[in-house]
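Just the heavy atoms: all of them, side chains too, but no hydrogens, waters or symmetry mates, feed the values below. Numbers restart at 1 for each chain; the letters A, B, ... are given by sequence-line order, proteins then strands. Small disclaimer: the values here were computed from a predicted structure and weren't measured.
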There are 2 protein chains.
Amino acid sequence: MIININMNEREIFTSFLKRKGLKMTQPRETVLQAFLAHEGHLTTEDILHASRMIDASIGQATVFRTMKLIAEAGLARDACQDDGPRKYEHAYLHSHHDHLHCIGCGKVIEFFDPDIEQAQEAIFKQYGFTAIGHRMELQGLCAECSAQQDKTRTQP
Amino acid sequence: MIININMNEREIFTSFLKRKGLKMTQPRETVLQAFLAHEGHLTTEDILHASRMIDASIGQATVFRTMKLIAEAGLARDACQDDGPRKYEHAYLHSHHDHLHCIGCGKVIEFFDPDIEQAQEAIFKQYGFTAIGHRMELQGLCAECSAQQDKTRTQP
DNA sequence: AATTTAATTGATAATGATTATCAATATCAA
DNA sequence: TTGATATTGATAATCATTATCAATTAAATT
Ligand SMILES: [Mn+2]
Ligand SMILES: [Mn+2]
Ligand SMILES: [Zn+2]
Ligand SMILES: [Zn+2]
């Protein structure tokens with residue numbers, strides 16, 4: 001099975017299901033459309049709400065189950081690794097990136113640094129590992145939150 | 001309060017507690033000793049077991065609470081970010097490092113790469129962030145697990 | 001088209017890690 | 001020693017996720 005560049009997400013998901021002996025169903029269709037309709041970092045609850053806009057009878061368990069399949073099909077991936085519920089982001093035609101997270105206001109900046117990626121590859125090689133992936137999240141204070149904190153400090 | 005290089009972990013913890021208006025107690029002493037007695041990546045359950053070797057009456061909640069304080073005092077930090085229970089590692093006189101994780105056998109290798117650390121600093125600066133920290137975990141297959149997987153593939 | 005087979009669904013219970021609650025107890029400054 | 005206050009362990013509660021299961025639905029086969 002060759003994945004054609006013109007194959008859209010729905011076709012990718014359908015053929016993924018068929019390959020695994022699973023069925024394309026109405027609820028799975030609904031969850032997929034709900035996910036595809038929103039960019040960004042989405043919790044399962046976000047996707048449940050979006051799904052129920054389309055079909056109010058969708059169950060929570062179905063969203064958990066379907067999102068796991070959508071990720072396995074390569075259309076979604078885990079976004080952050082901080083505490084709290086898992087967050088999915090789009091993976092189809094969305095290239096790999098890491099996250100810079102402001103712990104003051106919660107803002108998340110996506111970035112890609114080829115030097116870091118290359119250095120990571122070098123680490124894998126150095127220890128004789130076959131690379132599978134990595135998780136990296138930088139945590140800090142954005143410019144605004146830094147300034148605000150300075151103010152608080154100088155006026156106690 | 002200047003932290004003397006000769007101040008041992010117990011003294012650091014005691015003065016941390018005093019500074020926060022908290023008390024050094026028998027159970028906290030026990031949990032600290034249990035943690036200090038074991039290197040590596042320890043779950044709260046590991047530390048509970050070790051604590052109960054010293055004092056069988058230690059409660060689970062006390063371990064959760066005390067480990068949080070020990071981490072806040074700078075003696076412990078979170079080790080991994082994979083699923084499952086939180087893992088603590090020693091932070092006192094244990095320099096920062098990242099983790100290379102074999103998802104085949106679970107092996108964890110600790111490494112430190114100044115180039116990656118520097119590149120991370122550059123990212124913070126580029127986006128105007130004040131750096132606080134980062135979490136990075138590389139995931140792959142170690143040499144043994146890679147070899148084993150190749151065997152399975154060529155002999156179906 | 002009807003039948004058969006197996007996968008799927010949503011509701012609900014269960015799980016696992018962590019946190020909150022609370023009455024009884026321990027600590028420590030005065 | 002006392003007394004205010006922090007702490008404890010047991011237990012309940014929470015939160016995200018998974019497991020269970022009877023009813024339903026999708027596809028393969030007649
Ligand atoms: Mn992202
Ligand atoms: Mn470590
Ligand atoms: Zn911010
Ligand atoms: Zn391995």
*Which is true for A:K18 with a 4.0 Å heavy-atom rule: it touches a base, it touches only sugar-phosphate, or it touches nothing?*
nothing

*B:H134 versus A:H101, side-chain donor and acceptor atoms under 3.5 Å*: no

*B:R65 has an atom CZ; how far is it from atom P of D:dG9, in whole Å?*
7 Å

*Taking side chain as C-beta onward, heavy atoms only, is A:T66 less than 4.5 Å from A:T30?*
no

_Please report the distance, rounded to the nearest Å, between CG in A:L22 and C1' in C:dT9._
14 Å

*How close do B:I116 and A:A119 get, heavy atom to heavy atom, and via which atoms?*
CG1-CB, 3.4 Å

*Could you tell me whether the phosphate oxygens of C:dT9, OP1 or OP2, come under 4.0 Å of any side-chain nitrogen or oxygen in A:R28?*
yes

*If only side-chain N and O atoms of A:S57 are considered, is one of them under 4.0 Å from the OP1 or OP2 phosphate oxygen of C:dT9?*
no

*asked:* Can you tell whether the side chains of B:D78 and B:R86 come within less than 4.0 Å, N to carboxylate O?
replied: yes

*Starting from P on D:dT18, measure out to CG on A:L69 and report it in whole angstrom.*
12 Å

*Rounded to the nearest Å, what distance is computed from the CG atom of residue B:L48 to the P atom of nucleotide D:dG9?*
10 Å

_Residue whose closest nucleotide on DNA chain C lies nearer the 5' end, B:P27 versus B:Q60_ = B:Q60

*How close or far is atom P of C:dT9 from atom CE of A:M24, stated in whole angstroms?*
10 Å

*Would you say a side-chain N or O of B:T25 is under 4.0 Å from OP1 or OP2 of D:dT8?*
yes

*Give the rounded distance in Å between these two atoms: CZ of A:F13 and C1' of C:dT8.*
12 Å

*With distance as the sole criterion, is a donor-acceptor pair present between the side chains of B:H41 and B:E110 under 3.5 Å?*
yes

*What is the distance from CG of B:D83 to C1' of D:dC15, rounded to the nearest Å?*
15 Å

*Take B:G21 and B:V63, find for each the nucleotide of DNA chain D with the closest heavy atom, and name the residue whose nucleotide sits nearer the 5' end.*
B:G21

*asked:* Over all strands shown, is B:R86 touching base, sugar-phosphate only, or nothing at heavy-atom distances under 4.0 angstrom?
replied: sugar-phosphate

*Name the closest nucleotide to the A:Q26 side chain, picking from C:dT18, D:dA26, D:dT18.*
D:dA26

*asked:* Nearest whole Å is fine: how far is C:dA11 C1' from A:I58 CD1?
replied: 14 Å

*Would you kindly check whether a donor in the side chain of A:K23 faces an acceptor in the base of D:dT25, or vice versa, at under 3.5 angstrom?*
no

*asked:* What contact category does A:K68 fall into here, base, sugar-phosphate, or nothing, at under 4.0 angstrom with non-hydrogen atoms?
replied: sugar-phosphate

